[in-house]
Amino acid sequence: MFLSLIFLTMCALLCVFLEAARTAGARWYLQTALNSATESLFSEYHRLLWDRYNIFGAEMDSAQAEAHLAQFLEPYLEETNWYPCALAATTLASPKTLADEEGAYFEREIVALMKYAVWKNLDFDPNDADKTAAQIQSAAAAAGIAGEYRKQTKTVVELEGKLEDIQALLERENAWVAQGEQALARYDGKGFLNILAQLQRENGRMPALVESYGEIADRLAAELDEAEETIRREQEKLDDEALEQLPGWATQYASYVRENGAKRAQIRALGPLSERNDALIERLKAQAQAVMDEIDSYCEPEDEYDEETGELIYSGASDAPDEAELWGGVARTFAGWGRGDLGISRGKPDREKQGWLKTIQNLAGDGLLGIVIPAGAQVSKAKMPDGRVALGAKPASGGADAYGYGTGTYGAGGYGTGANGTGAYGGYGGSAANGAPAASGASSWGGGGADAHGYGTGTYGAGSYGTGANGTGAYGTGGYSTGYGLGYGTQTGAGEVDGVALLQAGVTAALVGEYCGGYFTDFLSAEKKPVQYELEYLVGGCDKDTDNLQATLLGILAVREGFNLIHLLSDSPKQAEARALAATLAGVTGMAVLLEVFYYFVLLIWALGEGVMDLRTLLAGGKVPLIKSAQDWKLSIEGLLSLGKSKNAPVETETNISGVGYVGYVKMLLLCMKPSDKYARMMDVMQMNIRRSQPQFVISECLCATGINATFDAKHLFFSLPFVERVVGGGETAYTISVSTYKKY
């Protein structure tokens, strides 16, 4: 009896052990099944997207993905084995598409691809990408500052034009006054009245000129004030070399405004003076007419006029009036005429050449394509189709969703605090519902401090691969950074986490630029497409090919203008040529600060004109060095004037074979772009091209990473035996098993 009881008890205990082992085996079996089903699910990537762009993405929503998972799990559940169970539910946890988190997963795929690309004839070293980007930004900032000063110079020229008009008016008035004095000396009343009429017309123009001058002067001061903040902001982007050259410009323009302020007081006084002169003219008219009437009253029928002198010959000399006294009174009144004098010594400004230079400034806008596109080349007029990709916002870091996956996606919280916290996933997160910290808990992968290897706190989150031996530098603070998915954090070194390199942001941008140059067409591409300027679209983001080409060329022109300007400011012979032309343009010998303004204007336009020549070289398939030497310079001062006169760039006799080509300059523009804007436009192009074969394709719905939870209904096998039930006390024979995995391309 007792022996039988002992035997049954031992069998029941053995069954308990077997059931525990079977249950553990069932969990591993189902985990393997889920992993395999997930691999099968991700094998359903979009073939065209991969074939054309080497980007993985499965075009399916969560419901479709869950249904497919269930199908892939069925063969495992249909097998007759020790692990009978049924699928209860599959759920995607925080699924991510290529467009999620500002294109972070899209970027990760490109970086992973480009790590293994064979690079040839690179325009710049990706490891120097940050330096190159800084140079490009500095050059563009210099061009931006130059643009502000060009606008001010245009207003200065306009203001000087009004000053010349006022000076010319004063000179004409003084000439008429001299003629009036001569007429009075001859006792020529009619001639004097005619001169007064001319003086009145000229004097009447003065108030409008004074007012117009004041308006332009006020506008110049306001423009300088408005430009000050822009210039200050752009100066922060300048490198040391540019900073040494540019700040003196503001001083010259400020000096001009100050000197003009003193001159303006003189000009402002011309208004009241004009009013007094106008009143004086009315008095002189009346006085001269009275003298003429009095003289006429002495005339007799026999009076005659001298045929040679025109003077009246009175028949009765004793009765003749004293004309010298009569006209002398008029002359004394006329002597009260207020003469204006600006006190400037002026040559003759070369307005024609001024106009040519202003034409060049205007050409660097709507007329740019007309002078830089090579002869015979056709500009695409294509238009992007409707439909643009909208990227998902970058989530805040920290926290976890219902499945325990950190809401920062590999961000602070990592695989997060939640249901799948420190149980099945050990130290992926902090404490959680599925278990307290275990052997692989807080001290191993995060969640609290760092272990001996420096794998720090937060687990794939803030501090992840953390602060410690492999901390800041090698694996970087931020690790798989707070809330970014790829997470380049604030690290300065490069490491490897989960098969993806942690790279500097500049290197990442360089890799993406190389990818764009290899997969998208541009103005020089031999391959022709319905929408041709794909690379230019990444820069411009406009609907039309023409607008995108224009935007790209203006961007390159700004970069080249900045580099050209920095070269001019270090080239003494060219500066001497610019000063000589400035003296011709200004026509001024007495206002040195105005000469300086025109000198800088010539330099600015010269740098711009050389930039136009650079564009012609690039669009013809040539190259332009980033930093030019004197030998690389193309546009002479005579060629600059010819460009403005003919509105056409001089013909080049040779094309550079060294330097950076057109596509290289476009890549540099992309290097400085906001990543999310760039990624959205890249997806626009991919979606547009794939839709020609598959009209309903939506790249923003292409799944590329997700966590997956699967729940299974199971029954105990050994616990259901009657003698085991009696020993262990019976209870529920059914239970659930939950397994999870995470997958990304």
Side-chain angles (χ1 to χ4, degrees), residues 162-214 262-346 348 590:
K162 289 299 177 183
L163 185 64
E164 288 177 24
D165 292 342
I166 293 172
Q167 179 72 11
L169 179 58
L170 291 175
E171 291 172 356
R172 291 197 302 272
E173 285 185 351
N174 290 336
W176 284 116
V177 169
Q179 292 183 40
E181 291 172 344
Q182 294 173 7
L184 290 174
R186 297 192 307 266
Y187 310 145
D188 182 4
K190 290 183 179 180
F192 181 68
L193 286 176
N194 288 335
I195 290 170
L196 286 180
Q198 294 291 340
L199 268 175
Q200 192 166 36
R201 277 193 291 272
E202 296 288 4
N203 189 62
R205 295 188 181 101
M206 184 63 75
L209 285 176
V210 170
E211 182 180 0
S212 179
Y213 182 92
K263 187 68 63 183
R264 187 176 177 185
Q266 292 178 277
I267 295 173
R268 191 182 290 114
L270 294 177
L273 181 63
S274 175
E275 294 178 4
R276 291 195 298 271
N277 284 340
D278 192 60
L280 182 64
I281 289 173
E282 295 299 328
R283 287 172 53 199
L284 286 168
K285 283 182 180 179
Q287 190 175 359
Q289 189 63 51
V291 170
M292 293 175 64
D293 291 343
E294 183 175 351
I295 292 174
D296 287 344
S297 67
Y298 283 92
C299 294
E300 299 294 337
E302 61 271 21
D303 291 342
E304 299 178 357
Y305 287 92
D306 187 290
E307 293 181 357
E308 294 182 0
T309 65
E311 294 182 0
L312 183 65
I313 302 174
Y314 296 100
S315 59
S318 59
D319 295 331
D322 188 349
E323 288 190 80
E325 182 179 350
L326 290 174
W327 288 114
V330 177
R332 287 190 292 275
T333 302
F334 193 39
W337 177 268
R339 295 174 182 266
D341 185 9
L342 298 181
I344 61 174
S345 174
R346 178 177 295 277
K348 185 179 180 182

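Atom CG in L170 sits 10.0 Å away from atom CD in E202 (nearest 0.5 Å). Interatomic distance, CG of L270 versus CZ of R264, reported as 12.5 Å (0.5 Å rounding). Here the straight-line distance linking atom CZ of R283 with atom OG1 of T333 works out to 5.5 Å at 0.5 Å rounding. The structure places CG of L169 at 6.0 Å from CG of L209, a figure rounded to the nearest 0.5 Å.
Between F334 and Q287 there is no side-chain heavy-atom pair separated by less than 4.5 Å. The side-chain heavy atoms of I295 and W327, taken from C-beta on, include a pair separated by under 4.5 Å.
Partners of Q289 by side-chain hydrogen bond (donor to acceptor under 3.5 Å, both in side chains), not counting sequence neighbours, listed by chain and number: D293. For S212, the side-chain contact (heavy atoms from CB on, under 4.5 Å) test picks out K162, I216, with sequence neighbours left out. Applying the ring pair (Phe, Tyr, Trp, His ring centres under 6.0 Å) criterion to Y213, with sequence neighbours excluded, gives no partner residue. For E282, the side-chain hydrogen bond (donor to acceptor under 3.5 Å, both in side chains) partners at least two apart in sequence or on another chain are Q200.
No donor-acceptor pair closer than 3.5 Å links the side chain of N277 to the backbone N or O of W337.
For the salt bridge (Lys or Arg N to Asp or Glu O under 4.0 Å) condition, no pair includes a residue of residues 268-280, sequence neighbours left out.
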For residues 188-199, which side-chain donor-acceptor pairs fall under 3.5 Å, sequence neighbours excluded?
from	atom 1	to	atom 2	distance (Å)
D188	OD1	G191	N	3.0
D188	OD2	R186	NH2	3.4
N194	ND2	K190	O	3.4
Q198	OE1	R201	NH2	3.2

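Between E173 and M206 the shortest heavy-atom distance is OE2-CE, 4.5 Å.
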